[in-house]
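Everything on this sheet refers to the single structure shown next.
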Amino acid sequence: MQQNYQDAMAMVRKFGKPDLFLTFTCNPSCFEVLNCMEGVQRPEDRRDIIIRVFNMKLKELLEDICKHGIFGTVLTYIYVIEFQKRGLPHAHILLTLDSESKIRTKDDIDKFVSAELPDPCTDLRLFQIVTKCMVHGPCGTININSPCMRDGQCCKSFPKQFKDNAEENVNGYPIYRRRATEPVQVGKYSIDNRWVVPYNPWLLKIFNAHINVEMARMMPGLAAPSAYFLTTRTGELLTFDVKFNGNKEDLCVSNAEPTGSDAKTLPPGHHCYFHS
């Protein structure tokens with residue numbers, strides 16, 4: 001783990017602070033998983049299928065980002081894969097863009113990151129995905145028993161404030177555009193743009209899963225984003241990969257299955273990943 005951390009810091013020192021921070025979470029209800037179910041099977045009964053589908057989608061996501069240039073030219077990327085308490089895998093990805101692709105202005109932020117509910121009349125599919133995968137909670141006074149609540153407050157600072165325009169740096173963090181709109185009914189709750197987790201519309205429609213997109217370059221501290229997801233509890237960290245795309249050479253690749261006492265602490269999903 002210490003070596004992985006040093007490799008990530010070396011990347012930051014050489015290429016600068018990461019620009020984007022993505023969290024890609026497995027969707028067990030996607031049709032690729034459901035089509036493989038037999039009889040009365042449910043996705044939680046077939047972790048091997050969930051892991052295989054997630055692994056294929058993660059590779060496709062990285063290819064779209066790094067080779068097809070969704071956000072521009074990617075110099076380097078780091079990712080780790082963790083498993084949630086329910087056993088679902090998710091990947092944290094850091095991207096460093098070249099100088100011509102840097103996200104510098106409010107218009108650049110709005111171009112790549114949205115934190116608003118789409119109009120169901122113009123894009124019904126995106127609206128359905130956002131309301132299913134990208135709505136936080138709700139929590140606070142609406143739902144005081146939400147897992148994110150700490151001492152009566154949401155630990156993720158939801159609900160956010162309405163904003164007519166994005167702000168590049170407020171107390172070290174970007175503030176995304178969240179215009180005031182009429183609330184919509186999601187389940188038993190009425191929600192608006194204050195509850196939307198930032199996302200990229202194109203990625204969301206392609207992968208139909210929770211994909212949180214954040215402006216990592218504006219986060220305080222040079223190494224904060226890299227250190228954030230390299231600091232995990234025992235048994236959580238599954239894979240770590242640092243790649244430099246410029247000359248197609250690997251700075252570091254570490255993707256080995258844990259052995260010995262470390263392997264004993266891993267839940268079934270981890271083993272499915274390595275043997276899928």
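We count residues from 1, following the sequence as given.
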Please check this pair: side chain of Asp19 against backbone of Lys102, looking for a donor-acceptor N/O pair closer than 3.5 Å. no

Which pairs pass side chain to side chain donor-acceptor pair (under 3.5 Å) with one or both residues in residues 123-150, sequence neighbours excluded? Asp123-Lys205

Rounded to the nearest 0.5 angstrom, the CG-CZ distance for Asn165 and Arg177 is 7.5 Å

Please determine if Lys163 and Glu167 form a salt bridge, counting it only when a charged side-chain N lies under 4.0 Å from a carboxylate O. yes

Here the gap from Ile211 atom CD1 to Ile93 atom CD1, rounded to the nearest 0.5 Å, amounts to 8.0 Å

Counting distance only, does the side-chain N/O of Asn27 pair as donor-acceptor with the main-chain N or O of Asn208 below 3.5 Å? yes

Between Ile50 and Leu88, which heavy-atom pair has the shortest distance, and what is it? CG2-CD2, 4.2 Å

Taking the six-membered ring for Trp, are the ring centroids of Phe54 and Phe24 within less than 6.0 Å of each other? yes

Please test Leu62 against Tyr79 for side-chain contact (heavy atoms from CB on, under 4.5 Å), starting from the C-alpha separation and ending with a verdict. CA-CA 10 Å; Leu62 292 173; Tyr79 75 91; 3.8 Å; yes

For Asn200 and Phe112, work out which heavy atoms get closest and say how close. ND2-O, 2.9 Å

CZ-CG distance between Arg178 and Leu117, expressed to the nearest 0.5 angstrom: 9.5 Å

Between Arg179 and Asp164, does any NZ, NE, NH1 or NH2 come within less than 4.0 Å of an OD or OE carboxylate oxygen? no

Hydrogens and angles aside, do Tyr199 and Glu116 bring a side-chain donor and acceptor to less than 3.5 Å of each other? no

Hey, are Lys57 and Glu32 close enough for a salt bridge, meaning a charged N less than 4.0 Å from a carboxylate O? yes

